[in-house]
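Worksheet: the structure to be examined is printed underneath.
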Amino acid sequence: MNKFFATTPIYYVNDVPHIGHTYTTIAADVLTRYHHQKGKEAQLLTGTDEHGAKIAEAAKKHGEKPKEYADKISQEFKKTWDKLNINYVRFIRTTDEDHIKIVQEFLLKMYKNGAVEEKPRLYKGLYCVPHEKFMSKDELVNGLCPDHKTAPIDYAEENYYFRLSDYQQKLEQLISEDKIKVRPLTRKNEVLGKIRQGLEDISISRANLEWGIPLPFDTSHTTYVWIDALINYYTYGSANDLWPADLHLVGKDILWFHSVIWPAMLLSIGEEPPKEVFAHGFFTINGEKMSKTIGNVIKPEELINKYGVDGTRYVLLAAFPFGEDGNFSWELFDRLYNADLANGLGNLVARVARLSEKSGLSINQDMGEHETKDFEEKIESLDFSGALVVANHYLKNIDEKISQEKPWEIKDKDKLQKLLTSYISEIVKTVKLFQPFLPQTAENILSQFSGSIKSAPPLFPRV
RNA sequence: CGCGGGGUAGAGCAGUGGUAGCUCGUCAGGCUCAUAAUCUGAAGGUCGUUGGUUCGAAUCCAACCCCCGCAACCA
């Protein structure tokens with residue numbers, strides 16, 4: 001029980017990383033680091049999702065093979081996470097050999113257990129390629145897909161179906177009893193409501209698409225990309241004795257796949273469903289939906305350039321309650337960065353370091369840790385912004401105490417050093433709370449406050 | 001009548017029956033160790049609207065208005 005296995009979604013390589021991917025990944029990393037700090041064997045899995053018609057098409061447009069194209073974009077994600085100090089245990093790709101093998105084993109089990117219909121069904125209809133799904137006539141506007149403004153193609157193909165409807169009762173029970181914890185609660189209710197409206201069997205294969213994993217029981221079909229993608233968690237988890245996953249962190253758009261379809265797939269092969277699925281909110285950008293068409297997509301580099309790696313990690317999680325939508329604006333993020341990091345933590349460290357340096361203080365003892373249930377409860381329920389409010393209160397208290405005690409007026413060296421040591425003790429304890437959020441900064445501060453203390457350049461220059 | 005969430009100070013939020021709170025911003029004052037920082041204090045809200053229950057409602061009930069999610073390039 002002493003493990004914590006968390007996942008981010010694996011990101012689809014039709015798009016380079018943006019603030020949304022970054023948000024999910026940082027949250028997952030913070031939580032994993034927190035559990036690690038608590039002494040658990042905590043592991044974070046992330047990666048990229050690379051199959052499907054959309055990728056095949058995008059590659060073609062660039063005059064590349066799908067794999068070459070996927071390699072390139074996948075690399076972008078990996079580079080971004082490395083830059084952001086994401087401590088993943090593995091960067092999994094759906095084109096990895098072990099994944100392909102596990103997908104095939106998984107599907108074969110499903111098939112043998114009768115969870116997949118023996119024969120494919122013929123499906124005729126209008127197919128929207130960018131959507132990768134069939135569309136009904138009344139979804140179309142003037143014969144075009146309302147989202148993509150393209151005409152769907154007449155299409156008939158045979159698909160294998162997963163008997164999802166068989167799991168309706170079981171899923172309803174597991175979710176309502178929190179055996180599969182779906183969070184936040186509003187999402188749980190939403191999912192339950194939708195389940196009660198009835199589950200339909202779903203297609204899990206494509207007949208005319210080469211860029212995918214062949215079905216083990218009918219190699220003329222490839223695995224539908226979503227099915228392939230979900231299994232990634234199990235590819236790593238099962239091979240490393242980590243299953244079931246403790247947490248799938250997802251965006252609210254893909255909650256259904258993770259809380260319903262994926263658990264049903266696992267049940268169909270006799271495996272345990274994930275313990276928790278948490279869906280966080282989305283960003284709007286200055287009040288508008290973030291979209292490539294509007295062109296208001298925020299890239300992680302823009303954030304890093306302005307706030308630094310730790311600043312970016314902090315500001316994203318501190319800005320809004322996790323789980324709800326938040327409206328991004330540079331003004332808001334600037335304010336938050338200046339108030340909490342530059343004026344708060346950064347300045348406090350600077351003022352105490354300077355006073356300590358002047359008095360020739362040297363620290364050689366372990367400062368211990370805060371006992372703070374409040375903080376723990378918040379972070380363990382993924383209330384990151386709430387947890388940070390708690391941590392910032394500690395800092396505020398130290399600032400107040402310094403202003404009251406006026407150490408700069410104290411001439412008696414022993415008395416002064418005793419005071420300073422008490423400040424440092426409080427700072428160090430608090431910094432440990434910040435550590436999962438600000439791993440590099442925390443390390444810097446901890447080393448600055450051990451041994452003979454020196455002033456240092458600002459940790460967080462004002463923006 | 002598909003299901004659900006929400007509307008509280010300039011901003012972001014907390015507050016589920018008992019004199020409206022937090023963080024930021026604004027204004028005034030103090031301090032000088034510090035990143036024009038920090039500390040103290042103040043201003044600022046008829047808690048979406050209307051009606052009801054109650055000794056008492058942001059909090060319960062009803063109706064209405066407005067935003068949003070499930071529901072559609074995408075986290």
Side-chain angles (χ1 to χ4, degrees), chain A residues 8-12 14-28 54 128 130-133 135 139 145-149 184-197 249-256 279-284 287 289-294 297 318-321 323-327 329 331-332 334-336 338-359 385-386 388-390 392-393 395-396 398-410 416 420 423 455-463:
Chain A
T8 74
I10 49 172
Y11 303 110
Y12 206 46
N14 67 339
D15 189 16
V16 294
H18 59 57
I19 190 172
H21 306 114
T22 309
Y23 189 50
T24 318
T25 307
I26 289 174
K54 250 184 277 186
C128 174
H131 260 116
E132 303 213 37
K133 74 168 196 186
M135 313 219 19
E139 278 180 285
C145 166
D147 299 324
H148 299 99
K149 316 292 179 206
L185 275 172
T186 61
R187 301 288 168 205
K188 171 182 171 179
N189 294 334
E190 211 170 276
V191 167
L192 280 172
K194 219 175 150 189
I195 289 176
R196 289 185 187 120
Q197 286 172 38
L249 198 56
V250 300
K252 62 184 184 178
D253 57 333
I254 54 176
L255 177 61
W256 183 252
H280 67 251
F282 277 7
F283 288 104
T284 51
K289 190 172 173 174
M290 182 169 75
S291 102
K292 277 195 267 185
T293 337
I294 300 174
V297 174
F320 321 103
E324 283 166 45
D325 286 352
N327 184 26
S329 74
E331 293 75 29
L332 174 71
D334 283 358
R335 255 195 261 163
L336 197 57
N338 281 336
D340 291 357
L341 295 178
N343 301 347
L345 180 59
N347 181 63
L348 176 62
V349 167
R351 73 192 295 205
V352 173
R354 182 81 181 120
L355 286 164
S356 302
E357 181 181 54
K358 274 187 169 171
S359 85
S385 55
L388 288 170
V389 168
V390 174
N392 279 314
H393 268 291
L395 297 183
K396 199 171 170 54
I398 305 169
D399 264 327
E400 285 170 18
K401 199 157 169 254
I402 295 174
S403 296
Q404 276 169 25
E405 297 175 341
K406 303 187 191 344
W408 53 90
E409 288 177 357
I410 293 172
L416 175 58
L420 292 174
Y423 304 149
S455 241
L459 295 164
F460 298 102
R462 289 175 63 87
V463 296

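Throughout, a chain's letter reflects where its sequence line sits, starting with A, and its residues are numbered from 1.
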Using a 4.0 Å heavy-atom cut-off across all strands, classify [X] as base, sugar-phosphate, or nothing.
X        : result
A/Gly20  : base
A/Arg354 : sugar-phosphate
A/Arg196 : nothing
A/Ala342 : base
A/Ile254 : sugar-phosphate
A/Ala319 : sugar-phosphate
A/Asn347 : base
A/Lys406 : nothing

* Asked: RNA chain B: A/Pro407 or A/Leu332, which has the more 5' nearest nucleotide?
  ->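 Going by which nucleotide is closer to the 5' end, it is A/Leu332.
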* Tell me which of A/Ile402 and A/Leu336 sits closer to the 5' end of RNA chain B, going by the nucleotide each one is nearest to. => A/Leu336
Can you tell me the distance, in whole Å, between the [atom1] atom of [X] and the [atom2] atom of [N]?
X        : N     : atom1 : atom2 : value
A/Phe320 : B/A75 : CZ    : C1'   : 14 Å
A/Leu459 : B/U35 : CG    : C1'   : 10 Å
A/Leu355 : B/C31 : CG    : P     : 18 Å
A/His18  : B/C73 : NE2   : C1'   : 9 Å
A/Asp399 : B/C33 : CG    : C1'   : 11 Å
A/Phe282 : B/A71 : CZ    : P     : 11 Å
A/Asp340 : B/A11 : CG    : P     : 19 Å
A/Arg335 : B/G12 : CZ    : C1'   : 9 Å

Of the options [options], whose atoms approach the side-chain atoms of [X] most closely?
X        : options             : value
A/Pro9   : B/U35, B/G25, B/A75 : B/A75
A/Ala350 : B/U23, B/U40, B/U35 : B/U35
A/His280 : B/A75, B/U38, B/U40 : B/A75
A/Asp15  : B/U38, B/C24, B/C74 : B/C74
A/Glu190 : B/G69, B/U35, B/C22 : B/G69

Measuring only the [atom1] atom in each nucleotide, how far is [N] from [M]? A whole number of Å is fine.
N     : M     : atom1 : value
B/C64 : B/A72 : C1'   : 31 Å
B/A36 : B/G41 : P     : 24 Å
B/U59 : B/A20 : C1'   : 12 Å
B/A71 : B/G18 : C1'   : 44 Å
B/U8  : B/C13 : P     : 9 Å
B/A75 : B/C65 : C1'   : 33 Å
B/C73 : B/C61 : P     : 36 Å
B/G48 : B/G5  : C1'   : 15 Å

Let's test this: given Watson-Crick or G-U wobble pairing with both distances under 3.5 Å, identify the partner of [N].
N     : answer
B/U59 : none
B/U53 : none
B/G25 : none
B/G44 : none
B/A14 : none
B/C74 : none
B/C33 : none

For [N], does either OP1 or OP2 sit under 4.0 Å from a side-chain N or O belonging to [X]?
X        : N     : result
A/Lys54  : B/C74 : yes
A/Lys396 : B/C39 : yes
A/Asn14  : B/C74 : no
A/Lys401 : B/U38 : no

Looking only at heavy atoms, what is the nearest atom pair of [X] and [Y], with distance?
X        : Y        : answer
A/Ser455 : A/Glu357 : N-OE2, 3.2 Å
A/Val250 : A/Pro9   : CA-CG, 4.0 Å
A/Thr24  : A/Leu249 : O-CD2, 3.6 Å

* NE2/A/His393 to CG/A/Leu388 distance, rounded to the nearest 0.5 angstrom? -> 11.5 Å
* To do: Tell me whether the guanidinium CZ or amine NZ of A/Lys252 lies under 6.0 angstrom from the six-membered ring centre of A/Phe282 and within 45° of its axis.
  => yes
* Asked: Ignoring hydrogens and geometry, is there a side-chain-to-backbone donor-acceptor pair from A/Asp399 to A/Gly344 under 3.5 Å?
  -> no
* To do: State whether the aromatic ring of A/Tyr23 stacks on the base of B/A75, taking stacking to mean ring centres under 5.5 Å apart and ring planes under 30° to each other.
  =>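 Answer is no, no stack.
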* Asked: Is any NZ, NE, NH1 or NH2 atom of the basic residue among A/Glu409 and A/Lys406 found under 4.0 Å from an Asp or Glu carboxylate oxygen of the other?
  -> no
* To do: Please step through side chain to side chain contact (heavy atoms under 4.5 Å, CB included) for the pair A/Tyr23 and A/His21, ending with a clear verdict.
  => CA-CA 5 Å; A/Tyr23 189 50; A/His21 306 114; over 6 Å; no
* Ignoring hydrogens and angles, are the base of B/C33 and the side chain of A/Arg351 linked by a donor-acceptor pair under 3.5 Å? ->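 Side chain to base: pair found, below 3.5 Å.
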* Do A/Tyr11 and A/Thr25 have a side chain donor and acceptor closer than 3.5 Å? -> yes
